[in-house]
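Just so we're clear, the structure is a prediction, and the values are computed from it rather than from any experiment. In what follows, residues are counted from 1 in the order of the sequence shown. Counting starts at 1 for both ligands and their atoms, following the listed order.
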Amino acid sequence: MKKTKNLSRNIAIIGVFAVLAALAGVGSWLTTVPVPVKVTERAEAELPSGVEVVHGATPHVEVDYLTTAAITEDDLRLSYPSTPAPLAEASRGWAEDQARAFEAEGEDQLEVRFEPVLVAGSFLGINLTAEVTRGEDHTVREQNFFTDLESTRAWAPQQLVTDDGVIRLGRLVREAAKAGALGDIELPTPQTAQAWAEQGLAGAAFTADGLLVPVGQSGRSLLVHEPEELLTGAGKRIAAAAAANEEFTGLPEPNPNTPPAGTPIEFPGEDSVDCNENKCIALTFDDGPAAGTIRLLDILAREDARATFFLVGSQVAGREQTVQRMVAEGHIVGNHTWQHLQLPEKSRKEVGAQIDRTADAIVAAGAPHPTLLRPPYGALSDEVSEEIAGRGYATVLWDADTLDWETRNTKKTVKNALTGARPGGIILMHDIHPETVQAVPQIIKELREDGYTLVTVPELFGGEMTVGGVYRSHR
Ligand code: NI
């Protein structure tokens, strides 16, 4: 149990940051070479025109530079790209699924690694492989992902082929088998051929020669020239860019002053409490500073308890001393944006301004530049997350909502805080409400009686928070 717990923690938080090659030069972050399919042998078989069976795996493209997020433990090595965000997210999700399966099935070793397989126009594609070792057995699973650098989406190849296209691929697989092009195998039933096509699609790649779909364990692939009829709209665009060997537009250059996603964030005193050994919980207060915050700080000082505050930037002017007191008394000051708007409804430019203006106000008030951000209402979108990560922040949500803003009732706030409390949890409250401030002494008392240690959010995660990470609890 404990191992699974630690594992999920480490996976949620990208640890090591590695660079595959020297960060030399500017402009395009990847250079490309034209990628013909490595055909080692063409099967002599009667197949529909425009379709071949070829030997040789997915072609990999040359990469000068791509950042890598990595997690390394004794029996587990995961690496996947840390940029661009949609590709990183899809890759991390797949890598984590492999790690969970690995834990559940008690295998000996897991290694997830990736290789770029497409750079054409604004499209970037990667191949992820998971190699699992159990005793003498090795199994390899693979999954490709593609992204358009001009959008916020990433697609698995399975999402780029239409339902009808999958059925047609199944038929082609069966025809290839019938023609002997898949080697000396028994003719698959239509259902089996269909399953092979579906499984093979996970590792399908777009090449200058067409769509390349690995088939079963045969080591051979179906190469479909001009595959447009099988593809969705996005699939057609990727296929066209690959076929034309379009020059890669390159990854956007990150702000050189901002640590890239995955970089560990450092906080003062983050390791003062070991939350792997102690039953920790973090109290968080949003929407201030407000008049009642001073009273709250008095209570926290009296109780010798540390908390985390997410400040609304427009509230800071005139309350600079309150902000300075937070810092002096060991609390953590985070960013809750300037006007508390629904960020996903705003333009990226507006989202960035809401964040930056608040950071400026916090710094001007005498606090360190914030590195934790809580979006108003907990509302996120891919674009909002990119703006947050692109500024060097980790996102902090919560797992226990006191609903204090709704009840405006001290007793109910105490009750909701205590019933929502879990080891490793983050409790959401609002210090702008006097009823909430009044609830805090009782909450602290009862949590401590229940064996909890009150910590700041960085302490809760023991110094393992990273830029671009999203945190709800530490479990
Ligand atoms: Ni709020």
For Thr284 and Arg374, which I'm curious about, is there any donor-acceptor pair between the side chains at under 3.5 Å?
yes
His430 backbone or side-chain N/O/S under 2.8 Å from the Ni ion (ligand 1):
no
Apply side-chain hydrogen bond (donor to acceptor under 3.5 Å, both in side chains) to Glu320 and Gln324, showing your working.
CA-CA 6 Å; Glu320 289 84 355; Gln324 286 161 24; over 6 Å; no
Would you say Asp287 has an N, O or S atom lying under 2.8 Å from the Ni ion (ligand 1)?
yes
Given NE2 of His340 on one side and NE2 of His336 on the other, what angle do they make at the Ni ion (ligand 1), to 10°?
90°
Any chance you could lay out the side-chain hydrogen bond (donor to acceptor under 3.5 Å, both in side chains) test for Asp108 and Thr133, step after step, and finish with the verdict?
CA-CA 6 Å; Asp108 296 338; Thr133 311; over 6 Å; no
Could you give me the CA-CA distance, side-chain angles and deciding distance for Gln354 and Gln339, then say whether side-chain hydrogen bond (donor to acceptor under 3.5 Å, both in side chains) is met?
CA-CA 7 Å; Gln354 288 279 326; Gln339 285 167 298; 2.7 Å; yes
